[in-house]
Amino acid sequence: MTTLLMLLAMPSEVQMQYYARLRSTFPDLTINLVDHHSKVDPYVRSATILMTYGPMMSDHVVRDAENLQWIQALGTGVDNLIDLPSLRPDVLVTNIRGIHGAPMSEAAIMAMLALSRDLPRVFRNQDRRVWERWPARLLSEKTLGILGVGAIAEALALRCKALGMVVVGVSSVKREVRGFDRMYYREELKSAVGSFDFFVVLTPYSSATRNIVDAEVFSAMKRSSYFINLARGGVVDEGALIQALESDRIAGAALDVFSQEPLPEQHPLWGIKNVILTPHLAGFYDGYAASALPVVEENIRKFLAGDIANMINLVRR
(Lines give C-alpha, C1' and ligand atoms only; values in the text may rest on other atoms or scores of the structure.)
Protein backbone atom coordinates (compact mmCIF):
# COMPACT_ATOMS: atom_id res chain seq x y z
CA MET A 1 0.00 0.00 0.00
CA THR A 2 1.29 3.45 -0.96
CA THR A 3 1.16 5.99 1.87
CA LEU A 4 1.72 9.74 1.63
CA LEU A 5 2.90 11.68 4.67
CA MET A 6 2.35 15.44 4.41
CA LEU A 7 4.58 17.45 6.76
CA LEU A 8 3.29 21.01 6.40
CA ALA A 9 3.96 23.64 9.05
CA MET A 10 1.53 26.22 7.72
CA PRO A 11 -1.97 27.55 8.40
CA SER A 12 -4.63 24.84 8.55
CA GLU A 13 -6.61 26.32 5.67
CA VAL A 14 -3.54 26.01 3.43
CA GLN A 15 -2.83 22.47 4.64
CA MET A 16 -6.38 21.50 3.72
CA GLN A 17 -5.99 22.83 0.18
CA TYR A 18 -3.35 20.15 -0.39
CA TYR A 19 -5.03 17.44 1.68
CA ALA A 20 -8.55 17.79 0.27
CA ARG A 21 -7.47 17.93 -3.37
CA LEU A 22 -5.09 14.97 -3.13
CA ARG A 23 -7.68 12.97 -1.18
CA SER A 24 -10.19 13.67 -3.95
CA THR A 25 -7.79 12.95 -6.80
CA PHE A 26 -6.31 9.78 -5.29
CA PRO A 27 -9.04 8.14 -3.16
CA ASP A 28 -7.06 4.89 -2.80
CA LEU A 29 -3.96 6.66 -1.48
CA THR A 30 -3.49 6.68 2.29
CA ILE A 31 -2.72 10.27 3.31
CA ASN A 32 -1.55 11.42 6.75
CA LEU A 33 -1.02 15.08 7.67
CA VAL A 34 1.10 16.59 10.47
CA ASP A 35 2.16 20.18 11.11
CA HIS A 36 5.56 19.58 12.75
CA HIS A 37 8.36 17.08 12.38
CA SER A 38 7.98 16.13 16.06
CA LYS A 39 4.56 14.63 15.24
CA VAL A 40 5.54 12.19 12.49
CA ASP A 41 6.17 9.11 14.66
CA PRO A 42 2.75 7.41 14.21
CA TYR A 43 3.03 7.62 10.41
CA VAL A 44 6.64 7.90 9.30
CA ARG A 45 7.58 4.21 9.20
CA SER A 46 4.80 3.37 6.77
CA ALA A 47 5.31 6.44 4.56
CA THR A 48 6.21 5.72 0.93
CA ILE A 49 5.99 9.36 -0.12
CA LEU A 50 6.87 12.47 1.90
CA MET A 51 5.61 15.91 0.86
CA THR A 52 7.16 18.89 2.66
CA TYR A 53 9.46 21.92 2.50
CA GLY A 54 13.17 21.70 3.33
CA PRO A 55 13.07 24.23 6.19
CA MET A 56 10.37 22.14 7.92
CA MET A 57 12.49 18.99 7.99
CA SER A 58 14.63 17.23 10.57
CA ASP A 59 16.97 14.30 10.01
CA HIS A 60 14.99 11.93 12.23
CA VAL A 61 12.13 12.00 9.71
CA VAL A 62 14.16 10.35 6.95
CA ARG A 63 16.08 8.22 9.45
CA ASP A 64 12.86 6.59 10.67
CA ALA A 65 11.11 6.45 7.29
CA GLU A 66 12.24 2.93 6.47
CA ASN A 67 9.80 2.55 3.55
CA LEU A 68 10.38 5.99 2.04
CA GLN A 69 10.88 5.99 -1.73
CA TRP A 70 10.22 9.57 -2.79
CA ILE A 71 10.24 13.13 -1.35
CA GLN A 72 8.19 15.80 -3.10
CA ALA A 73 9.60 19.17 -2.02
CA LEU A 74 7.02 21.93 -2.31
CA GLY A 75 9.65 24.63 -2.77
CA THR A 76 12.51 25.10 -5.20
CA GLY A 77 15.28 24.80 -2.60
CA VAL A 78 16.16 21.25 -1.55
CA ASP A 79 18.74 22.12 1.10
CA ASN A 80 17.89 20.46 4.42
CA LEU A 81 16.52 17.60 2.31
CA ILE A 82 19.20 16.21 0.02
CA ASP A 83 21.91 17.00 2.58
CA LEU A 84 20.23 15.25 5.52
CA PRO A 85 22.72 12.67 6.86
CA SER A 86 20.17 9.85 7.05
CA LEU A 87 18.65 10.29 3.58
CA ARG A 88 19.26 7.07 1.63
CA PRO A 89 20.73 7.49 -1.86
CA ASP A 90 17.88 5.48 -3.43
CA VAL A 91 15.18 7.95 -2.30
CA LEU A 92 13.90 10.09 -5.18
CA VAL A 93 13.62 13.87 -4.69
CA THR A 94 11.51 16.22 -6.81
CA ASN A 95 10.80 19.92 -6.32
CA ILE A 96 8.57 22.73 -7.59
CA ARG A 97 10.00 25.21 -10.08
CA GLY A 98 8.67 27.98 -12.25
CA ILE A 99 6.00 29.43 -9.93
CA HIS A 100 8.14 31.72 -7.76
CA GLY A 101 9.02 34.51 -10.18
CA ALA A 102 6.06 36.79 -9.43
CA PRO A 103 5.86 36.41 -5.62
CA MET A 104 9.60 36.61 -5.05
CA SER A 105 9.95 39.60 -7.37
CA GLU A 106 7.13 41.44 -5.62
CA ALA A 107 8.69 40.65 -2.23
CA ALA A 108 12.04 42.05 -3.38
CA ILE A 109 10.46 45.22 -4.78
CA MET A 110 8.38 45.64 -1.61
CA ALA A 111 11.57 45.38 0.44
CA MET A 112 13.41 47.92 -1.71
CA LEU A 113 10.54 50.40 -1.49
CA ALA A 114 10.11 49.88 2.25
CA LEU A 115 13.81 50.43 2.90
CA SER A 116 14.19 53.40 0.55
CA ARG A 117 11.19 55.14 2.16
CA ASP A 118 12.14 54.03 5.70
CA LEU A 119 8.81 52.36 6.47
CA PRO A 120 10.06 50.97 9.82
CA ARG A 121 10.46 54.59 10.95
CA VAL A 122 6.96 55.36 9.66
CA PHE A 123 5.44 52.52 11.69
CA ARG A 124 7.39 53.43 14.83
CA ASN A 125 6.11 57.01 14.49
CA GLN A 126 2.58 55.75 13.91
CA ASP A 127 2.72 53.75 17.15
CA ARG A 128 3.96 56.87 18.96
CA ARG A 129 1.53 59.21 17.10
CA VAL A 130 4.45 61.30 15.85
CA TRP A 131 4.16 63.41 12.68
CA GLU A 132 7.56 63.55 10.98
CA ARG A 133 8.50 64.04 7.32
CA TRP A 134 11.63 63.19 5.33
CA PRO A 135 12.52 62.78 1.64
CA ALA A 136 12.30 59.32 0.08
CA ARG A 137 15.10 57.73 -1.92
CA LEU A 138 13.92 56.68 -5.38
CA LEU A 139 14.50 53.32 -7.02
CA SER A 140 14.68 55.02 -10.42
CA GLU A 141 18.27 55.25 -11.74
CA LYS A 142 19.59 53.15 -8.85
CA THR A 143 21.66 50.01 -9.35
CA LEU A 144 20.29 46.65 -8.27
CA GLY A 145 22.71 43.77 -7.84
CA ILE A 146 21.33 40.22 -7.79
CA LEU A 147 23.38 37.28 -6.50
CA GLY A 148 22.03 34.12 -8.14
CA VAL A 149 20.73 34.47 -11.69
CA GLY A 150 17.92 32.06 -12.50
CA ALA A 151 14.25 32.27 -13.41
CA ILE A 152 13.35 34.30 -10.31
CA ALA A 153 16.18 36.76 -10.93
CA GLU A 154 15.08 37.22 -14.53
CA ALA A 155 11.52 37.95 -13.43
CA LEU A 156 12.81 40.50 -10.90
CA ALA A 157 15.21 42.11 -13.38
CA LEU A 158 12.48 42.76 -15.94
CA ARG A 159 10.24 44.37 -13.33
CA CYS A 160 13.08 46.54 -12.04
CA LYS A 161 14.00 47.71 -15.53
CA ALA A 162 10.42 48.99 -15.77
CA LEU A 163 11.17 51.06 -12.66
CA GLY A 164 14.17 52.62 -14.36
CA MET A 165 16.85 50.67 -12.50
CA VAL A 166 20.22 49.40 -13.68
CA VAL A 167 20.35 45.63 -13.06
CA VAL A 168 23.58 43.72 -12.46
CA GLY A 169 23.87 39.95 -12.04
CA VAL A 170 26.39 37.87 -10.11
CA SER A 171 26.41 34.21 -11.07
CA SER A 172 28.55 31.09 -11.33
CA VAL A 173 28.17 31.37 -15.12
CA LYS A 174 28.26 34.49 -17.27
CA ARG A 175 25.47 34.53 -19.84
CA GLU A 176 23.05 36.94 -21.45
CA VAL A 177 19.79 37.14 -19.49
CA ARG A 178 16.83 39.39 -20.27
CA GLY A 179 16.66 42.44 -18.05
CA PHE A 180 20.33 42.44 -17.02
CA ASP A 181 22.68 45.24 -18.03
CA ARG A 182 25.86 43.40 -17.09
CA MET A 183 27.03 40.22 -15.42
CA TYR A 184 29.85 39.23 -13.05
CA TYR A 185 31.22 35.87 -12.05
CA ARG A 186 30.50 34.82 -8.48
CA GLU A 187 34.23 35.08 -7.76
CA GLU A 188 34.00 38.81 -8.61
CA LEU A 189 31.34 39.52 -5.96
CA LYS A 190 33.56 41.63 -3.71
CA SER A 191 34.52 43.95 -6.55
CA ALA A 192 30.99 44.09 -7.97
CA VAL A 193 29.07 45.08 -4.81
CA GLY A 194 30.66 48.51 -4.62
CA SER A 195 28.33 49.74 -7.37
CA PHE A 196 25.10 48.34 -5.84
CA ASP A 197 22.47 50.56 -4.26
CA PHE A 198 20.37 47.47 -3.51
CA PHE A 199 21.84 43.99 -3.13
CA VAL A 200 19.32 41.14 -3.42
CA VAL A 201 20.37 37.56 -2.68
CA LEU A 202 18.52 34.80 -4.54
CA THR A 203 21.23 32.15 -4.87
CA PRO A 204 20.54 28.57 -3.67
CA TYR A 205 22.31 27.40 -0.52
CA SER A 206 25.16 24.96 -1.05
CA SER A 207 28.70 24.33 0.15
CA ALA A 208 29.84 26.79 -2.54
CA THR A 209 27.56 29.60 -1.31
CA ARG A 210 27.71 29.06 2.45
CA ASN A 211 28.54 32.45 4.07
CA ILE A 212 29.43 33.82 0.63
CA VAL A 213 28.17 37.22 1.80
CA ASP A 214 30.67 37.90 4.57
CA ALA A 215 32.38 40.79 6.33
CA GLU A 216 34.56 41.55 3.30
CA VAL A 217 31.48 41.86 1.09
CA PHE A 218 29.72 44.19 3.53
CA SER A 219 32.90 46.28 3.81
CA ALA A 220 32.96 46.67 0.03
CA MET A 221 29.35 47.92 -0.16
CA LYS A 222 28.35 51.57 -0.20
CA ARG A 223 27.32 52.94 3.18
CA SER A 224 24.11 54.09 1.50
CA SER A 225 23.26 50.63 0.14
CA TYR A 226 20.62 48.16 1.30
CA PHE A 227 20.89 44.39 1.66
CA ILE A 228 17.96 42.03 0.98
CA ASN A 229 18.11 38.27 1.54
CA LEU A 230 15.30 36.14 0.09
CA ALA A 231 17.43 33.02 -0.50
CA ARG A 232 18.62 31.07 2.55
CA GLY A 233 20.05 32.27 5.85
CA GLY A 234 23.19 30.17 5.47
CA VAL A 235 24.29 32.18 2.43
CA VAL A 236 25.05 35.11 4.75
CA ASP A 237 27.44 35.41 7.67
CA GLU A 238 24.84 36.70 10.14
CA GLY A 239 27.46 37.90 12.61
CA ALA A 240 29.08 40.03 9.92
CA LEU A 241 25.66 41.32 8.85
CA ILE A 242 24.76 42.36 12.39
CA GLN A 243 28.09 44.16 12.76
CA ALA A 244 27.59 45.94 9.41
CA LEU A 245 24.11 47.10 10.48
CA GLU A 246 25.06 48.19 13.99
CA SER A 247 28.11 50.10 12.74
CA ASP A 248 26.15 51.75 9.90
CA ARG A 249 28.47 50.06 7.41
CA ILE A 250 25.31 49.64 5.29
CA ALA A 251 22.07 51.65 5.39
CA GLY A 252 19.71 48.79 6.23
CA ALA A 253 18.48 45.32 5.42
CA ALA A 254 15.32 43.32 4.70
CA LEU A 255 15.60 39.67 5.72
CA ASP A 256 13.13 36.89 4.95
CA VAL A 257 15.40 33.92 5.74
CA PHE A 258 17.71 33.11 8.63
CA SER A 259 20.31 30.54 9.66
CA GLN A 260 17.87 29.36 12.34
CA GLU A 261 14.12 29.36 11.73
CA PRO A 262 11.97 30.37 13.51
CA LEU A 263 14.28 33.20 14.52
CA PRO A 264 14.87 32.89 18.30
CA GLU A 265 13.19 35.55 20.43
CA GLN A 266 16.52 36.73 21.85
CA HIS A 267 18.26 37.03 18.48
CA PRO A 268 19.91 40.47 18.10
CA LEU A 269 18.35 41.05 14.68
CA TRP A 270 14.97 41.66 16.33
CA GLY A 271 16.27 44.80 18.00
CA ILE A 272 18.05 46.53 15.11
CA LYS A 273 16.02 49.52 13.90
CA ASN A 274 17.17 49.64 10.28
CA VAL A 275 16.09 46.05 9.60
CA ILE A 276 12.83 44.64 8.24
CA LEU A 277 12.20 41.02 9.28
CA THR A 278 9.65 38.71 7.63
CA PRO A 279 9.14 35.03 8.57
CA HIS A 280 10.11 33.29 5.31
CA LEU A 281 7.13 34.73 3.43
CA ALA A 282 8.65 35.87 0.13
CA GLY A 283 7.53 32.95 -2.02
CA PHE A 284 4.38 32.13 -0.04
CA TYR A 285 1.21 33.49 -1.66
CA ASP A 286 -2.52 32.82 -1.82
CA GLY A 287 -2.35 30.87 -5.07
CA TYR A 288 0.69 28.75 -4.23
CA ALA A 289 -1.12 25.46 -3.61
CA ALA A 290 -3.15 25.82 -6.80
CA SER A 291 0.07 26.39 -8.75
CA ALA A 292 2.03 23.55 -7.11
CA LEU A 293 -0.63 20.85 -7.01
CA PRO A 294 -0.72 20.05 -10.75
CA VAL A 295 2.98 19.09 -10.56
CA VAL A 296 2.40 17.08 -7.38
CA GLU A 297 -0.57 15.25 -8.90
CA GLU A 298 1.26 14.41 -12.11
CA ASN A 299 4.24 13.12 -10.16
CA ILE A 300 2.02 10.93 -7.98
CA ARG A 301 0.42 9.47 -11.12
CA LYS A 302 3.82 8.72 -12.64
CA PHE A 303 5.14 7.29 -9.36
CA LEU A 304 2.17 4.98 -8.95
CA ALA A 305 2.56 3.84 -12.56
CA GLY A 306 6.28 3.17 -12.10
CA ASP A 307 7.17 5.86 -14.66
CA ILE A 308 9.95 7.27 -12.49
CA ALA A 309 12.11 8.56 -15.36
CA ASN A 310 9.38 10.98 -16.49
CA MET A 311 8.55 12.49 -13.10
CA ILE A 312 8.67 16.29 -13.16
CA ASN A 313 11.62 18.19 -11.67
CA LEU A 314 13.71 15.23 -10.56
CA VAL A 315 16.61 16.55 -8.50
CA ARG A 316 20.01 15.08 -9.31
CA ARG A 317 22.02 14.40 -6.17
Side-chain angles (χ1 to χ4, degrees), residues 1-100 103 204-205 261 280 283-317:
M1 179 183 293
T2 303
T3 301
L4 167 63
L5 173 58
M6 301 168 60
L7 168 52
L8 301 176
M10 52 180 53
S12 59
E13 61 270 22
V14 179
Q15 293 175 341
M16 291 311 298
Q17 290 180 46
Y18 290 100
Y19 183 86
R21 181 154 154 183
L22 293 178
R23 169 66 71 199
S24 174
T25 307
F26 303 98
D28 296 329
L29 183 65
T30 300
I31 303 177
N32 297 305
L33 170 63
V34 296
D35 62 4
H36 194 267
H37 63 75
S38 64
K39 301 178 181 180
V40 303
D41 285 357
Y43 315 108
V44 69
R45 282 172 176 78
S46 63
T48 317
I49 307 168
L50 173 65
M51 190 174 80
T52 190
Y53 290 85
M56 300 177 184
M57 278 291 286
S58 179
D59 185 65
H60 74 88
V61 178
V62 292
R63 182 196 67 208
D64 297 338
E66 55 194 35
N67 291 301
L68 185 64
Q69 298 178 36
W70 165 39
I71 299 175
Q72 173 67 65
L74 289 177
T76 299
V78 290
D79 52 292
N80 206 41
L81 282 173
I82 62 172
D83 52 358
L84 290 172
S86 298
L87 182 64
R88 302 190 316 273
D90 61 307
V91 176
L92 300 166
V93 179
T94 55
N95 66 354
I96 300 294
R97 304 174 204 157
I99 67 172
H100 302 89
Y205 176 76
E261 296 181 9
H280 209 142
F284 189 34
Y285 64 101
D286 53 1
Y288 194 97
S291 298
L293 274 164
V295 174
V296 176
E297 291 170 327
E298 186 62 19
N299 274 344
I300 292 176
R301 290 188 189 98
K302 292 184 185 312
F303 179 81
L304 294 175
D307 188 11
I308 304 302
N310 290 310
M311 291 175 69
I312 302 169
N313 298 339
L314 278 167
V315 176
R316 291 188 176 89
R317 293 195 277 135

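- Between Thr3 and Ser46, the shortest heavy-atom contact is CB-O, 3.5 Å.
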Exercise. Let me see the working for Leu87 and Ile71 under side chain to side chain contact (heavy atoms under 4.5 Å, CB included), right down to the final yes or no.
Key: CA-CA 10 Å; Leu87 182 64; Ile71 299 175; 3.8 Å; yes

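- At distances below 3.5 Å, at least one donor-acceptor pair connects side-chain atoms of Arg23 with backbone N or O atoms of Leu29.
- In this structure, the side chain of Thr76 engages the main chain of Ile96 through a donor-acceptor pair within 3.5 Å.
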Output side-chain donor-acceptor pairs under 3.5 Å for residues 289-298, partner residues at least two apart or in another chain, one line each.
residue, atom, partner, partner atom, Å
Ser291, OG, Tyr285, OH, 3.1
Ser291, OG, Gly287, O, 3.1
Glu297, OE1, Arg21, NH2, 3.0
Glu297, OE2, Arg21, NE, 2.9
Glu297, OE2, Thr25, OG1, 3.1
Glu298, OE1, Arg301, NH1, 3.4
Glu298, OE2, Lys302, NZ, 3.1

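- Taking CD1 of Ile312 as the reference point, atom CD of Gln72 lies at 8.5 Å (rounded to 0.5 Å).
- With rounding to the nearest 0.5 Å, the separation of CE in Met6 from CE in Met16 is 8.5 Å.
- Leu33 CG to Leu4 CG: the interatomic distance, rounded to the nearest 0.5 Å, is 9.5 Å.
- Minimum interatomic distance between Ala73 and Val78 (heavy atoms only, all atoms of both residues): CB-CG1, 4.2 Å.
- Side-chain atoms of Gln15 come within 3.5 Å of backbone N or O of Leu8 as a donor-acceptor pair.
- In this structure, the side chain of Asn67 engages the main chain of Arg45 through a donor-acceptor pair within 3.5 Å.
- In this structure, the separation between CE on Met51 and CD1 on Ile31 is 8.0 Å, given to the nearest 0.5 Å.
- Under a 3.5 Å cut-off, the side chain of Tyr288 and the backbone N or O of Leu74 do form a donor-acceptor pair.
- Asp83 places a side-chain N or O within donor-acceptor distance of the main-chain N or O of Asn80, the cut-off being under 3.5 Å.
- Between the Asn310 side chain and the Ile308 main chain, no donor and acceptor come within less than 3.5 Å of each other.
- Expressed to the nearest 0.5 Å, how far CD1 of Ile49 lies from OG1 of Thr30 amounts to 10.5 Å.
- Shortest non-hydrogen contact noted between Val62 and Met57 is CG1-CE, 3.7 Å.
- Nearest heavy atom pair, residue Val40 against residue His37, reads CG2-O, 3.4 Å.
- The nearest pair of heavy atoms linking Leu5 to Ala47 is CB-CB, 3.8 Å.
- Taken from CG in Leu92 to CG in Leu68, the straight-line distance is 9.0 Å, to the nearest 0.5 Å.
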Self-check item: Evaluation steps, side chain to side chain contact (heavy atoms under 4.5 Å, CB included), between Tyr18 and Met10
Solution: CA-CA 11 Å; Tyr18 290 100; Met10 52 180 53; 4.1 Å; yes

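- Pro55 and Glu261 get closest at one heavy-atom pair: CB-OE1, 4.3 Å.
- With respect to Trp70, the side chain to side chain donor-acceptor pair (under 3.5 Å) criterion is satisfied by exactly one of Thr2, Thr48, Asn299, Thr94: Thr94.
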